[in-house]
Enquirer: 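Dropping a structure here in structure tokens format, bear with me for questions.
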Amino acid sequence: METYLGEKQQARQWSPYINNGGSCLAVAGDDFAVIASDTRMSLGYSIKTRYSTKYLKITEKCSIVSSGMQADIFTLHKVLKSRAQIYEQKHGKPMSTDAVAKLVSRLLYYRRFFPYYTFNIVAGVDEDGVGCVFSYDAIGTLERVKYSASGSGSSLIEPVLDNQVALKNRNDIKKEEFKLTKEYAIDLVKDAITSAGERDIYTGDFVEISVIDLNGTHEDKFELRFD
Amino acid sequence: MQKGGFNFDLYQRNVELIEKNNYKVPKTTKTGTTIVGVVFSDGVVLGADTRATSGPIVADPNCEKIHRISDYIWCAGAGTAADTENTTGMISLQLELLSLSTGRSPRVRTALTLLKNFLFRYHGYISAALVLGGVDFTGPHLHMIHPHGSTSTLPYISMGSGSLAAMAVLETGYNSKMGEEDAKSLVHQAILSGILNDLGSGGNVDLCVIKHKSMEFFRNIDTTNSKRKFRKKLPYMFKSGSTKILEKQIKEKMEKMEIVNEKESQIEELEEL
């Protein structure tokens with residue numbers, strides 16, 4: 001049935017997927033990585049909870065944040081945590097960040113024909129001590145990058161990172177002269193997700209931010225707007 | 001020649017535009033919204049949040065949703081922003097002309113009838129849900145108007161996506177013997193409830209207290225929820241030259257003026273008359 005505006009009114013079909021909103025991002029430096037996610041879980045125009053974690057620390061050198069459907073995020077994190085534990089017990093050492101990244105990719109592709117509705121970002125320090133960020137799509141396409149954002153606020157955050165981390169469209173500063181310090185990266189990540197919270201209705205409440213370097217992981221939390 | 005009824009001449013054109021020409025139907029800015037009205041002993045209190053959304057994005061974090069219909073008749077609007085603004089603007093115009101031609105101060109029920117007849121003519125296509133409140137010589141009045149043109153007269157009303165959150169507060173706190181301060185506080189709490197619990201509402205609280213020949217508009221009476229909680233200390237610096245200059249054209253602001261004809265000002269002559 002068509003309305004005069006041309007929209008087709010399709011018969012409602014049940015879908016196994018819902019989007020609980022939220023934004024995630026991660027930025028990698030020379031010897032550290034910063035990873036953050038908000039904690040608001042929404043459904044439609046309601047807030048289901050102001051605190052539902054989207055972050056999981058897998059090893060001291062590697063963490064993951066995911067946005068999308070909370071049920072799939074919870075399950076994926078559960079499976080990932082147990083697989084990391086099995087590896088550590090089998091091999092006598094924790095998984096390297098590259099191994100975790102590949103594992104996530106394989107876990108996601110395993111569900112190629114009924115995917116996890118999750119948009120993940122893995123961040124940490126690799127075997128050489130260099131900061132790394134890996135971004136994925138829903139079925140596990142893996143790409144190593146310098147920074148990434150996912151979730152409902154990703155289109156608000158990504159351009160800021162493009163300009164401030166990759167120095168795109170900037171003629172005032174040269175890539176060789178620019179050094180991404182830890183303080184700058186943390187401030188930038190906090191600022192970017194706060195700005196997303198201003199304009200995206202699904203991002204808000206609290207942010208879990210963690211800084212990963214060779215000494216381990218330092219976790220922190222701060223507030224966003226509650227409206 | 002078609003008399004009355006609807007004219008669907010453009011339906012075919014619209015369908016073709018969308019299917020063949022890839023025309024994207026423009027997204028309307030909705031106000032999301034929590035709007036509330038409460039009657040108290042001496043008058044009415046209207047309240048509204050200040051967030052306007054375009055899908056999941058906040059288009060305006062501090063817009064005004066309480067519109068003036070006449071000096072002591074005000075209207076809060078939810079739904080499509082353009083619809084609420086233009087509808088209330090039009091009826092405000094019509095009411096002013098009517099009150100001048102009748103020589104009487106306008107009544108709330110007149111605004112109500114004008115609004116409901118207008119919206120009914122458009123059968124809900126004008127998406128304006130309104131809370132109309134005011135005090136005229138017959139006393140305080142409060143009405144709710146739905147987009148299809150139906151109205152209700154009630155002692156307390158909430159509309160918009162945050163109406164359930166606000167109504168929960170109103171149902172708990174309302175009593176028929178409230179005074180001005182109690183009513184203001186109740187409306188404030190109801191709007192806050194919408195702002196905090198509904199994603200379509202947010203920003204600041206606007207309040208409007210109308211009594212006999214008196215109107216107080218409290219714009220942004222409560223801004224605690226719209227404060228940005230973190231701002232990085234180092235500002236974003238873009239030195240001159242950040243954006244590549246491709247072409248430069250400098251034009252003189254004013255060309256040379258030549259005084260051709262000097263004519264004495266006629267204004268002084270008129271004043272003497």
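Lettering follows sequence order; numbering is per chain, from 1.
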Enquirer: Is it true that Tyr116(A) and Phe74(A) have ring centroids separated by less than 6.0 Å?
Expert: no

Enquirer: Table please: side-chain donor-acceptor pairs of residues 21-37 of chain A below 3.5 Å, with sequence neighbours left out.
Expert:
unit_1: Ser23(A); atom_1: OG; unit_2: Gly153(A); atom_2: N; d: 3.0
unit_1: Ser23(A); atom_1: OG; unit_2: Thr203(A); atom_2: OG1; d: 2.6
unit_1: Asp30(A); atom_1: OD2; unit_2: Lys179(A); atom_2: NZ; d: 3.0

Enquirer: So what's closer than 4.5 Å to chain A heavy atoms on Asn204(B): side chain, backbone, both or neither?
Expert: neither

Enquirer: Determine, step by step, whether Met159(B) and Leu130(B) satisfy the side chain to side chain contact (heavy atoms under 4.5 Å, CB included) criterion, reporting the C-alpha distance in whole Å, the side-chain angles of both residues, the deciding distance to 0.1 Å, and the verdict.
Expert: CA-CA 7 Å; Met159(B) 297 198 87; Leu130(B) 310 167; 5.9 Å; no

Enquirer: Return the option, out of Pro61(B), Ser242(B), Gly203(B), with the maximum number of heavy-atom pairs under 4.5 Å with chain A.
Expert: Ser242(B)

Enquirer: Taking non-hydrogen atoms and a cut-off under 4.5 angstrom, which of residues 192-200 of chain A neighbour chain B?
Expert: Thr194(A), Ser195(A), Glu198(A), Arg199(A), Asp200(A)

Enquirer: In the structure I gave you, are the side-chain heavy atoms of Leu192(B) and Asn225(B) within less than 4.5 Å of one another anywhere?
Expert: yes

Enquirer: Taking 4.0 angstrom as the limit, do Arg225(A) and Asp38(A) come out as a salt bridge?
Expert: no

Enquirer: Using 30° and 60° as the class boundaries, would you call the ring planes of Phe222(A) and Phe230(B) parallel, tilted or perpendicular?
Expert: tilted

Enquirer: Test your reading of the model: is there a side-chain donor-acceptor pair from Asn220(B) to the backbone of Thr223(B), 3.5 Å cut-off?
Expert: no

Enquirer: Would you say Asp49(B)'s side chain and Gly202(B)'s backbone share a donor-acceptor pair under 3.5 angstrom?
Expert: yes

Enquirer: Check whether Glu183(A) gets within reach of chain B through its side chain, its backbone, both or neither, counting any heavy atom under 4.5 Å.
Expert: neither

Enquirer: Does a donor on one side chain sit under 3.5 Å from an acceptor on the other, for Asn20(A) and Tyr202(A)?
Expert: no

Enquirer: Relative to chain B, which segment of Leu156(A) carries a heavy atom at a distance below 4.5 Å: side chain, backbone, both, or neither?
Expert: side chain

Enquirer: Heavy-atom pairs under 4.5 Å with chain A are the metric here; pick the option from Lys239(B), Lys233(B), Met237(B), Glu16(B) that has the most.
Expert: Lys239(B)

Enquirer: Out of Gln12(B), Lys227(B), Lys244(B), return the one with the most heavy atom pairs under 4.5 angstrom to chain A.
Expert: Lys244(B)

Enquirer: Compute the ring centroids of Tyr117(A) and Phe119(A), then answer whether they are less than 6.0 Å apart.
Expert: yes

Enquirer: In Å and rounded to the nearest 0.5 Å, what is the OG to CD1 distance from Ser226(B) to Ile195(B)?
Expert: 8.5 Å

Enquirer: Rounded to the nearest 0.5 Å, what's the gap from CG on Leu224(A) to CG on Asp205(A)? Could you check?
Expert: 7.5 Å

Enquirer: Are there residues of residues 46-62 of chain A whose heavy atoms fall under 4.5 Å of chain B's heavy atoms? If so, which?
Expert: Ser46(A), Ile47(A), Arg50(A)

Enquirer: Applying a heavy-atom distance below 4.5 Å, give me the residues of residues 183-190 of chain B that approach chain A, sorted by number.
Expert: none

